[in-house]
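Note sheet for the following structure.
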Amino acid sequence: MNKILRTLIPFDIAKGLAITGKHFAKVFFTANRRKVPFHIVSEYPEVVAKVQPRFRGRLTLLKDEQGEIKCVCCLACEKICPTQVITIEKGKKEGRKMPFPVRYDFEMERCIFCEFCVESCGFDSIILNHQFELAAYNREDFSLGMVGAENMFEPSNVGKFSVADD
Amino acid sequence: MSEPVVPETPQVPEPEAPSGPYVYDYAASPQRQIVMPKTVPLPSLRTYQAEVKAAAEADEAKWVKMQADFETAKAKAEAEGKDAPKPPVRPVPRKDDNDMKTPWPQEAKDADLLRLQECLGAKVEEIFEQAGELTCQVAKESILEALQLCRQDAQLNYEMLADETATHYPAATGFAFSVVYHLTSISRRKRLRLRILVPEGFQPETACAVYPGANWMEREIYDMLGIRFANHPDMTRILCPEDWEGYPLRKDYPTVGLGQRDIAFREDRGGMLERIALQKAGQLGINLKQPKAD
Amino acid sequence: MFKNEEMEINLGPQHPSTHGVLRVKLRLDGETITHCRPMIGYLHRGVEKICENQTFFQGQVWTDRMDYCSAVANNLGWAEANEKLFGITVPRRAQYIRTMLNEFNRLASHLIWLATHALDIGAMTVFLYAFREREDILDMNEAFCGSRLTTTAFRIGGLREDLPPGFEKMVQKFLAKFPSCLEEYENLLNENRIWKKRTIGVAKLGAEDAIAMGVTGPVLRAAGVPYDIRKAFPYAAYAEMDFEVPTRTEADTYARYLVRMDEMRQSARIIQQCMDGMPEGPVMAKLPKILKAEVNEVYHATEAPKGEIGYYLVGEKGSSNPYRFHVRAPGFINLQSLPKMAEGGLIADIVAAIGTLDIVLGEIDR
Amino acid sequence: MGINQLSTLEHILITTKVEKVMNWSRATSVWPVTFGLACCAIEMMAAGASRFDFDRFGAGIFRATPRQADLMIVAGTVTYKMAPIIKTLYDQMPEPKWVIAMGSCATAGGPFDSYHTVQGVDKVIPVDVYIPGCPPRPESLIYGFMKLQDKIMTSSLADRYKDIFEEVG
């Protein structure tokens with residue numbers, strides 16, 4: 001008899017709904033009282049996504065104050081890269097003592113964003129910026145580099161963590 | 001006695017490089033080059049002691065030679081009336097200032113290893129400790145006996161086979177693989193490594209009878225390294241497809257496989273063209289049938 | 001007219017409840033499973049082979065991608081195995097931070113297990129709740145390592161960087177709310193009739209069978225064997241932590257669920273202790289620039305959320321690449337016991353059996 | 001002449017409008033097939049879960065069977081053992097169908113340049129949008145999905161079947 005009653009009257013559904021409702025009420029009221037947004041859903045396309053300072057995005061070459069590329073072709077990043085996505089061609093430039101990268105190719109399609117290159121760089125000439133909106137229609141678009149790529153050199157518009165800041 | 005296996009590089013037509021900058025240069029990929037090892041990195045107390053002895057002897061010989069050179073130089077200088085050269089100083093090994101302390105093989109002092117040697121006698125080839133781990137190398141024919149002893153002996157009582165794997169040593173003479181068994185005693189909180197050295201073609205006895213969990217591990221060893229186990233209930237490939245060619249974890253197998261990049265695809269959006277039929281998996285896992293030319 | 005015939009069906013490789021690309025070949029007599037054969041290898045990526053051509057330093061990134069739900073635990077095992085191979089002593093602060101992150105990772109892994117397991121059995125709400133808390137942990141991962149999932153958290157000899165500013169605040173905020181969240185899940189599931197019917201007495205695996213098959217982790221502990229590598233062979237800073245190893249004796253799916261829930265409580269305890277007793281000091285040991293191995297072989301096992309993850313490394317003299325790299329994946333060994341659990345049961349219960357093993361195909365196939 | 005012009009105009013007017021409506025309805029209710037391969041699948045699940053609610057884009061209904069789905073998110077490494085199955089699944093999906101290659105592995109084989117990995121899922125099935133990252137953040141996936149929506153909105157039937165029409169004659 002008890003069993004039939006339990007089957008007939010949906011206690012469990014009521015219980016589950018009660019928990020959900022209690023939870024909703026709790027969150028709703030506390031949020032209202034503290035004047036904080038109570039939803040946890042991020043409104044990504046409308047609101048810019050916040051990433052942590054150490055987030056690893058796309059590789060970017062840096063320039064110094066004079067607008068010179070900082071990279072001096074020590075090839076440390078090329079050697080340490082676990083997936084061999086960096087190719088550097090050494091060269092010379094007039095009026096510059098240090099070697100100058102004639103080509104700095106970065107195949108983003110294979111990159112795993114491990115930041116080993118930045119770690120190995122002794123001249124602070126590369127960073128991984130905060131850019132994560134990298135989708136494209138063609139695989140060719142992921143082949144970035146000094147030859148034929150536009151914003152490979154620009155520092156990211158988002159401030160990037162550096163060890164000195166800590 | 002197996003010779004070091006010289007890999008036969010199969011003649012595979014290089015896939016034609018499609019145009020476009022994004023194409024990875026597979027032919028030049030470091031993953032494609034086969035580098036055969038020249039040494040046999042098999043840890044062993046005996047070889048270590050022999051190495052240390054040889055190094056000490058070489059050091060001593062060098063020192064004696066330096067002294068003799070000094071004597072002759074001194075005699076020569078005296079004869080010519082010049083100043084005597086500086087007496088040689090025995091070089092001391094450079095001490096690095098870091099937190100590394102290389103673990104070397106040491107004499108076996110653990111009761112378990114001694115117990116194994118006592119029970120198995122001449123079947124134990126070598127026992128030693130390294131980095132706090134116990135290693136016991138037994139004759140390849142008596143591995144099942146050793147495993148049974150470890151499982152059933154009240155003093156040893158290793159209940160679980162934690163891991164079983166193998167390593168390929170193409171540069172070695174007398175054997176080609178080492179198979180290692182990592183045993184765990186849950187009740188006694190101990191670990192033990194059993195090791196056998198097997199030549200090419202030898203079929204070691206399976207551990208499934210003692211530890212049923214060895215089933216998949218031995219299948220994986222067969223799949224990856226090509227060691228067949230005798231009396232195994234199901235000696236088939238486990239990770240690669242059934243008709244895979246070669247054993248990937250052997251040292252003569254390139255990381256980038258042999259002729260595997262020939263998958264072709266033709267866009268078939270509306271289904272109005274002839275369907276690209278899937279065939280039975282071909283030699284290297286996949287064979288997509290090409291559409292007929294119109 | 002009606003013949004007694006056994007039917008053979010394939011579960012997977014594309015099936016929502018196989019947690020990836022597992023394929024199970026089943027032979028059925030009516031609804032009862034008479035024969036069960038898991039077939040793996042659909043995600044075999046050759047990690048062991050790739051690692052042999054990479055340096056010890058680079059090898060870490062591959063361990064991230066093996067068990068992607070618990071990348072930090074894999075990193076820890078890799079780093080510790082290498083430290084054993086080279087004989088490196090790690091600074092104490094680094095050990096504490098490693099322990100803390102490892103426990104966070106255990107929470108994340110158990111939460112994702114809870115979410116998917118409940119989803120398979122039919123409880124959708126738990127999925128949404130568990131992912132909510134998991135996002136907080138992933139934020140902490142991102143704050144420390146820079147990535148949400150594939151963390152590359154540690155380095156051989158210590159850590160790359162110290163904790164970021166504001167990390168303690170994040171941890172305390174999380175710890176303050178986490179127990180109530182656990183209660184929420186338990187409210188939803190513990191007394192749920194459907195959940196209980198589908199888990200109690202399902203997919204039993206006794207202690208003797210489990211030990212014989214080499215099963216480790218919560219599945220073994222739910223059978224009554226208090227074997228936890230954190231206690232049995234302490235590593236990192238676990239020797240200084242005060243925690244319990246939760247066990248059950250029922251050895252069924254429900255017991256495993258309870259064991260994992262208790263483990264999450266213990267993890268939160270360990271994190272609190274790590275935060276309280278965090279020592280000061282450097283986070284990286286002094287090491288030469290390039291690590292060159294001597295002839296040595298090590299097997300180092302740590303307690304990953306799924307069970308014992310062991311790294312077997314062989315070093316070659318003067319070489320900076322491992323000569324042989326092998327992973328004892330907990331999922332690989334645990335999955336072997338699936339036929340034992342499923343045979344004789346109903347076909348609907350195999351979903352529960354696969355879910356309760358908490359498999360991740362990335363580490364099974366490697 | 002006049003009649004001819006009128007019919008041309010009518011043709012343009014009607015078809016463009018129908019196309020637009022169809023594209024709009026397709027782009028705002030793309031149903032993906034539940035198909036996780038590796039690490040990226042976890043981020044795909046996270047995108048479908050509470051914080052990054054994929055339902056906001058009409059794409060939250062993950063279908064378990066390819067026959068009810070429009071979109072296949074290839075999330076993870078494609079191996080030689082798995083590639084024929086992916087092809088079968090893709091063939092089972094009804095037209096129109098789209099593919100997102102999520103993550104480095106699906107885009108180009110990723111880090112796994114080894115004997116058992118297909119170097120990019122585009123060797124097996126055609127891909128519409130590539131998302132690099134290892135794995136990409138859920139926001140990255142959402143961004144890639146919005147790019148796909150753009151593509152659907154701007155696509156036209158004639159373009160889509162151009163090569164087939166040419167071949168058939």
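Chain letters run A, B, ... following the sequence lines, proteins first and then strands; every chain starts at 1.
Put simply, the residue from C:Val61, C:Thr150, C:Thr151 that forms a side chain to side chain contact (heavy atoms under 4.5 Å, CB included) with A:Cys114 is C:Val61.
Residue C:Arg65 touches chain A through its side chain alone, counting heavy-atom pairs closer than 4.5 Å. In this structure, no portion of C:Thr55 lies under 4.5 Å from any heavy atom of chain A. Only the side chain of C:Met170 comes within contact range of chain A, with at least one heavy atom under 4.5 Å from a heavy atom of that chain. Residue C:Tyr129 touches chain A through its side chain alone, counting heavy-atom pairs closer than 4.5 Å. Proximity to chain A (any heavy atom under 4.5 Å) is restricted, for C:Glu184, to the side chain, taken from C-beta onward.
No more than 12 heavy-atom neighbours from other residues, nucleotides or ligands sit within 6.0 angstrom of CD1 on C:Ile194.
Looking only at side-chain heavy atoms (C-beta outward), A:Arg54 and C:Pro164 come within less than 4.5 Å of each other. Residues C:Phe57 and A:Pro82 are not in side-chain contact: their nearest non-hydrogen atoms beyond the backbone lie 4.5 Å or more apart.
A donor-acceptor pair is defined here as one N or O able to donate and one able to accept, closer than 3.5 Å; such a pair exists between the side chain of C:Gln58 and the backbone of A:Ile80. A distance-only check finds a donor-acceptor pair linking the side chain of C:Glu142 to the backbone of A:Gln52 [under 3.5 Å].
To the nearest 0.5 Å, atoms NZ (A:Lys22) and CG (C:Asn187) are separated by 6.5 Å. Taking OG1 from C:Thr152 and CZ from A:Phe116, the interatomic distance works out to 5.5 Å, rounded to the nearest 0.5 Å.
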Evaluate C:Arg160 against A:Glu119 for side-chain contact (heavy atoms from CB on, under 4.5 Å), listing each step before the verdict. CA-CA 9 Å; C:Arg160 185 189 165 199; A:Glu119 202 176 332; 3.5 Å; yes
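The heavy-atom pair separating C:Ser147 from A:Arg56 by the smallest distance is CB-NH2, 3.2 Å.
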